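In this text the structure is predicted, and so the values were computed from the model without any measurement. Below, all heavy atoms of this structure are taken into account, side chains as well, without hydrogens, waters or symmetry copies. Each ligand, and each atom within it, is numbered from 1 in the order the structure gives.
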Amino acid sequence: MSKIDPKDIQKRMDRISEIFSDIVSHAETVSKTRCPYRNRHDHCTAEFRCRNQQAAETEEAPLVCGHEGEFDYRSAWESNPLLHARATKKLDEIGKAAAKRRADARRKKTD
Ligand code: SF4
């Protein structure tokens, strides 16, 4: 069994660190101009309105991101993404309460 040379390990670790620091640096640069909601097909995956959203060729197709990458994309966002989840939950609760009221009313009519 061969012995592991600590200097060789350190050399490899330094190389890996160098590679990862380049990746992180590039990701940080890209994140300033590429919206995180834009997927690799240039579709917008955001669940809120944004002025950069463009209609796709068909109604069923997802919205297309029209951001050119020349300015900060966040200024086009029209709502707080965190509020969307809260609003969706509230609408779901309202819908369930209304369905329960309708079911109760139907039950009373049949009794
Ligand atoms: S349309 Fe707006 S939210 Fe959607 S990916 Fe483009 S910049 Fe982001």
* With sequence neighbours left out, write down each residue that passes side chain to side chain donor-acceptor pair (under 3.5 Å) with Arg15, or none if nothing qualifies. => Glu18

* Partners passing side-chain contact (heavy atoms from CB on, under 4.5 Å) against Arg40 (at least two apart in sequence or in another chain) ->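 Testing Arg40 for side-chain contact (heavy atoms from CB on, under 4.5 Å), a comparison that skips the adjacent residues, returns none.
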
* Which protein N, O or S atoms lie under 2.8 Å from atom 2 (Fe) of ligand 1, given by chain and residue number? -> Cys50 SG

* Test: Arg34 and Asp42 ion pair at under 4.0 Å -> yes

* **Ser17 side chain vs Met13 backbone, donor-acceptor pair below 3.5 Å** => yes

* Any donor-acceptor N/O pair, Glu28 side chain to Ser25 backbone, under 3.5 Å ->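 The answer is no, because no donor-acceptor pair under 3.5 Å joins these two groups.
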
Without placing hydrogens or testing angles, list every side-chain donor-acceptor pair under 3.5 Å for residues 92-102, not counting sequence neighbours.
| from | atom 1 | to | atom 2 | distance (Å) |
| --- | --- | --- | --- | --- |
| Asp92 | OD2 | Lys96 | NZ | 3.3 |
| Lys100 | NZ | Asp104 | OD2 | 3.2 |

